[in-house]
Amino acid sequence: MDYKYLIVEKKPHGILLLTLNREKSLNALNSEMLKELHKFFARVEDDVRCIIVTGAGKAFVAGADIGEMANFSASEAYDFAKLGMDTFMEIERCRVPVIAAVNGFALGGGCEISIACDIRLASTKAKFGQPEVGLGITPGFGGTQRLSRTIGPGYAKELIYTAETIDAKKALEIGLVNSVYEPDELIDKAIEMAEKIARNAPKAVEYSKQSIVNGSQTDIDTAMQIEKTHFGLCFATNDQKEGMKAFLNKGKTEFKGK
């Protein structure tokens with residue numbers, strides 16, 4: 001499928017590199033771009049094993065498109081928030097792991113899209129923040145919910161209430177990102193991590209993601225039931241049989257995702 005604002009590159013081992021491409025607008029999220037993202041993540045093909053999301057130019061995503069939002073009515077703003085939330089839920093619930101390679105500004109909607117991804121890797125030039133209250137609004141794409149689940153309510157409230165922007169070093173310190181790299185290393189490091197993921201049994205990775213995402217939204221007893229169910233489902237796959245056979249025979253296996 002052709003996209004206006006997305007560049008999709010196929011890499012070896014079932015890895016996709018998705019570049020958000022509204023460079024002149026610092027990749028700000030408008031309605032059309034959000035709809036393209038929704039379609040992309042709703043149609044991930046079976047042979048894909050990991051997706052890397054990054055931004056064109058010097059920004060990851062500088063936020064939602066303020067030019068589009070400025071004159072919204074309350075109902076139009078609600079609909080725009082719903083579009084963003086629905087899109088980011090597609091990312092969070094995507095069948096395969098999604099790595100955010102944050103190359104620059106990740107503000108507002110940019111920070112929110114990064115925390116909808118499974119793992120965040122940052123360039124030393126990355127900047128994170130939820131500046132919405134400085135514009136007279138709240139985060140609207142899940143920031144008030146996912147940020148506290150990611151870094152804890154204390155840091156989340158500080159970032160949201162103060163509208164402060166933090167650098168990659170601080171983001172690493174508070175657990176917002178997993179690792180920080182020099183700009184020219186970022187994509188290579190993201191691909192390296194994606195390759196490690198892609199070498200493992202796809203169904204086992206998928207079930208692990210479902211257990212983490214779904215389990216985090218419920219009580220511990222229900223979450224344990226979710227994990228037991230997915231653990232059991234693994235034993236209905238050929239990958240489990242081949243993987244354990246190879247381990248017992250001190251060999252190696254190439255997982256087929258079946």
Item checked: Joint cluster assignment, Phe88 & Ile212, ILVMFWY side-chain distance < 4.5 Å -> no
Next item on the list: Indicate yes or no: at least one non-hydrogen side-chain atom of Glu132 is less than 4.5 angstrom from one of Glu112.
Entry: yes
Check: Within the side chain of Arg120, is there an N or O that forms a donor-acceptor pair under 3.5 Å with the backbone of Ser114?
Finding: yes
Note to self: Is there a path of hydrophobic side-chain contacts, each under 4.5 Å between heavy atoms of I/L/V/M/F/W/Y residues, joining Leu17 to Ile15?
What the structure shows: yes
Margin query: Quick check against the 3.5 Å criterion: does Asn249 have a side-chain atom that pairs as donor or acceptor with the backbone of Gly251?
Written below: no
Check: Salt bridge check: are Lys11 and Glu9 linked by an N-O gap of less than 4.0 Å?
Finding: yes
Notebook entry, point to check: Got a donor-acceptor contact below 3.5 angstrom from the Asn27 side chain to the Arg22 backbone?
Noted result: yes
Check: With no hydrogens and no angle check, is any side-chain donor or acceptor of Ser148 less than 3.5 Å from a backbone partner on Gln145?
Finding: yes
Next item on the list: Decide yes or no for Phe41 and Ile51: does some side-chain heavy atom of the first lie under 4.5 Å from some side-chain heavy atom of the second?
Entry: yes
Note to self: I want to check something: taking the side chain as every heavy atom from C-beta on, are Leu16 and Phe40 in contact at a cut-off of under 4.5 Å?
What the structure shows: yes
Check: Going by the side chain to side chain donor-acceptor pair (under 3.5 Å) test, which pairs reach into residues 172-184, not counting sequence neighbours?
Finding: Lys170-Glu173
Notebook entry, point to check: Can you check whether Thr19 reaches Val8 side chain to side chain, under 4.5 Å on heavy atoms?
Noted result: no
Check: Is Lys39 paired with Glu90 through a side-chain N to carboxylate O contact shorter than 4.0 Å?
Finding: no
Next item on the list: Please check if the distance between the ring centroids of Phe141 and Phe80 is under 6.0 Å.
Entry: yes
Notebook entry, point to check: Is there side-chain contact between Phe235 and Met244, with heavy atoms separated by less than 4.5 Å?
Noted result: yes
Note to self: If you define the side chain from C-beta out and look only at heavy atoms, does anything of Arg49 sit under 4.5 Å from His13?
What the structure shows: no
Margin query: Strictly distance-based, threshold 3.5 Å: is any side-chain N or O of Asp118 a donor or acceptor partner for the main-chain N or O of Val98?
Written below: yes
Note to self: Under a 3.5 Å distance rule, please check whether Gln130 uses its side chain to pair with a backbone N or O of Leu107 as donor and acceptor.
What the structure shows: no
Note to self: Could you check whether any side-chain heavy atom of Leu20 comes within less than 4.5 Å of a side-chain heavy atom of Val53, counting everything from C-beta outward?
What the structure shows: yes
Note to self: For residues Ile115 and Leu121: do they belong to one hydrophobic cluster (side chain heavy atoms under 4.5 Å, members Ile, Leu, Val, Met, Phe, Trp, Tyr)?
What the structure shows: no
Checklist line | Co-membership, hydrophobic cluster, residues Val180 and Phe60, 4.5 Å side-chain | finding: yes
Margin query: Could you walk me through whether Leu159 and Thr165 satisfy the side chain to side chain contact (heavy atoms under 4.5 Å, CB included) test, starting with their C-alpha distance in whole Å, then the side-chain angles of each, then the deciding distance to 0.1 Å, before giving a yes or no?
Written below: CA-CA 8 Å; Leu159 282 175; Thr165 297; over 6 Å; no
Check: Would a 4.5 Å heavy-atom cut-off, applied to side chains only, mark Ile52 and Ile191 as touching?
Finding: yes
Check: Does a side chain donor of either Asn103 or Thr54 reach within less than 3.5 Å of an acceptor in the other side chain?
Finding: yes
Item checked: Lys127 bridged to Asp167 by N-O distance under 4.0 Å -> no
Check: Taking the side chain from Thr237 and the backbone from Gln240, do they hold a donor-acceptor pair closer than 3.5 Å?
Finding: yes
Next item on the list: Indicate if Ile66 and Ile113 have the same hydrophobic cluster label, given that clusters are the connected sets of ILVMFWY residues with side-chain heavy-atom separations under 4.5 angstrom.
Entry: yes
